[in-house]
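Data first, discussion second: the structure below is written as structure tokens.
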Amino acid sequence: MSTLKQPPSETLVWRNRFASLGETFFTHLSPSPLPAPYWISHNPLLLSELGWPTQGLSSPDALLAFSGCAIPEGAVPLASVYSGHQFGHWAGQLGDGRALSLGDVDSVQGPQEIQLKGAGPTPYSRRGDGRAVLRSSIREYLCSEAMHGLGIASTRALCLTGSPQPVRREDIETAAVLTRVAPSFVRFGHFEHFAANNQLKDMKTLADHVINHHLPECVTRAAEGQHQGNVYAALLQVVTERTALMLAQWQAVGFCHGVMNTDNMSVLGLTLDYGPFQFLDGFNPSHICNHSDHQGRYAYQRQPQVAYWNLFCLGQALAPLINDQELTLAVLESYKTIFPQAFDCAMALKLGLPNEVTALGEPGPARELSESLLALMAQEQVDYTVFWRRLSHAVATPLETTDASVAAWASVRDLFLDRPSWDQWHGRYATQLALRDQAQAGRSMLAHNPKYVLRNHLAEIAIRQAKLGDFSEVETLLTLLQSPFDEHPEHEAYAELPPAWASTIEISCSS
Ligand code: AMP
Ligand code: MG
């Protein structure tokens, strides 16, 4: 394994903070090189957001570094150990089975950890080959950027490389390496690991690491006397709040994660580990996007409850550190108010209405309108993204331009078969809209209801072309999904209703 003295390391300052925790937390090892690596895509937007040199991804050395064929000077590659609950059962030790962390690099947004996903086997690979296939790597690459574009916290994707190396899944596919970036990849499962093994001192080390480097507000809150001055209760509280907010945003945009195991839950509240995820096409609350999830544990409508269950696992792990059972339970209980509030807020924004609470503390009209609308949409399985975007345009179209306004509202109504129910709902909504500046509500709605999401079939088309060596569709989608609220009139087709074959796509855990 060679060490590069050239860019991308040249102008990057490495910190390797996780590596400083000691070898209880990880195993040092080098990536396993892949033959004949090639570029699939770069993400210049992320480079510039982080203030990293734009030439950092263009050199031949960068290709070697980001395909796991060479180690940038200053990087200290390691695979971390974690455990977790998978599909509701304790799975024991897991760990980075195919992701290698290169270390932390300074950026204008603070230090960022860089991981190579698919860089070869590790001591935590169990029966896996340590690789990631082109198909699933393209999905994660595009979706992490799509989530960020939607304003939803996520790990990011810096670049994607491929190799002709065959990789066996259901079929023989080829290998890829995804370079992903986040302030930290610490998962609920990291804490569960040390709790399960009774390594209380190590768990405290990890908790202090997360608090000091990533969630310093825990210290402030405890110092202010919140959470009874208990910094570990503050940690659980912050993770609870971030998770609740993330879940509210997932639900509001119609995102199904697919594998909400506790080892796939970030303590920073980032959307993490994209596998069989899906953005809803037709609105079906019981939709299961993961073909391997036979019980529907991770169905769309169950996600908020599953997040609570996962937080409970984290709370159980942290309980010995918090050392106050009542306080631990009280913190966890707060999810039951924080999530609904965040969801109400997200849905009110989608409707262009204020998220009011009445003088009696009862929810305002937005709550009832949102609940009845979702029930109606579920009954008809109305396309989720198309509906909200058409509704936003209808509200944004000035009433004076009557023909345009009539046409815009007709295009929403056309989505429903049960017209009387729609008309009834529309009447009640119009009453609320009439109380405020409709043009302003419409503008706000267009900024909260995306035109473009990474529907399964869009990813599928990009994957099929990439398998033939054409990565142009990956590029097009990347650009489009990074600004999903903009019109992009030249890409209208990407915002249309999905083709019939979209419903036949089956995505499993195999990746
Ligand atoms: P996931 O369901 O992708 O979150 O993975 C669960 C666990 O399996 C984690 O410990 C992964 O690192 C590991 N894993 C998944 N796929 C592979 C693979 N192909 N090779 C090695 N480990 C893997
Ligand atoms: Mg995972």
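Along the sequence shown, residues carry numbers from 1. A quick note: this is a predicted structure, and the numbers were derived from the prediction, not measured. Read the numbers this way: they start at 1 and go in the same order the structure lists the ligands and their atoms.
Comparing G97, A91, G95 by heavy-atom distance to atom 10 (O) of ligand 1, the nearest is G95. In the candidate list V81, V259, N264, N264 is nearest to atom 1 (P) of ligand 1, counting heavy atoms.
Of the protein's heavy atoms, D129 OD1, 3.0 Å lies nearest to atom 19 (N) of ligand 1. For atom 5 (O) of ligand 1, the closest non-hydrogen atom of the protein is D263 OD2, 4.6 Å. Here the protein heavy atom with the shortest distance to atom 16 (N) of ligand 1 is R98 NE, 3.3 Å. Regarding atom 20 (N) of ligand 1, its nearest protein heavy-atom neighbour is G130 N, 2.8 Å. Among protein heavy atoms, the minimum distance from atom 8 (O) of ligand 1 is reached at R126 NH2, 2.8 Å.
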Inset, instruction - Any chance you could lay out the salt bridge (Lys or Arg N to Asp or Glu O under 4.0 Å) test for R98 and E140, step after step, and finish with the verdict? - result: CA-CA 14 Å; R98 55 176 168 168; E140 175 156 358; over 6 Å; no
Legend entry - Criterion side chain to side chain contact (heavy atoms under 4.5 Å, CB included) on F185 and D273, from CA distance to verdict: CA-CA 10 Å; F185 289 86; D273 278 11; over 6 Å; no
Inset, instruction - Mind running side chain to side chain contact (heavy atoms under 4.5 Å, CB included) on Q305 and Y335 for me, showing each step along the way? - result: CA-CA 10 Å; Q305 182 62 29; Y335 180 86; over 6 Å; no
Inset, instruction - Could you check F87 against N290 for side chain to side chain contact (heavy atoms under 4.5 Å, CB included), going step by step and ending with a plain yes or no? - result: CA-CA 12 Å; F87 291 89; N290 179 354; 3.8 Å; yes
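Residue S510 forms a side chain to side chain donor-acceptor pair (under 3.5 Å) with just one option from R169, H291, E170, E173, and that option is E170. Only one option out of Y300, F279, Y298, W250 pairs with H257 in a ring-ring contact (aromatic ring centres under 6.0 Å, His included); it is W250.
Inter-residue side-chain proximity for H85 and W90 is flagged as met; some heavy-atom pair is nearer than 4.5 Å. A 4.5 Å side-chain heavy-atom check between L29 and P123 finds at least one atom pair inside the cut-off.
In summary, D281 and R455 engage in a salt bridge, as defined by a charged side-chain N under 4.0 Å from a carboxylate O.
Residue K117 does not touch ligand 1, judged by heavy-atom distances below 4.0 Å. The part of Q86 lying near ligand 1 is the side chain, judged by heavy-atom distances below 4.0 Å. With a heavy-atom cut-off of 4.0 Å, N261 does not touch ligand 1 at all.
Checked by distance only, ligand 1 and S511 stay at 3.5 Å or farther apart across all their nitrogen or oxygen atoms. Considering backbone and side-chain N/O atoms, L94 never comes within less than 3.5 Å of an N/O atom of ligand 1. For ligand 1, none of its N or O atoms has an N or O atom of Y124 under 3.5 Å away.
A distance of 6.0 Å separates CD of E460 from CD1 of I507, quoted to the nearest 0.5 Å.
The closest approach between a heavy atom of C509 and any atom of ligand 1 is not below 4.0 Å.
Ring planes of F18 and H209: perpendicular class, angle over 60° (limits at 30 and 60°).
Listed by chain and number, the protein N, O or S atoms at a distance under 2.8 Å from the Mg ion (ligand 2) are N264 OD1, D273 OD2.
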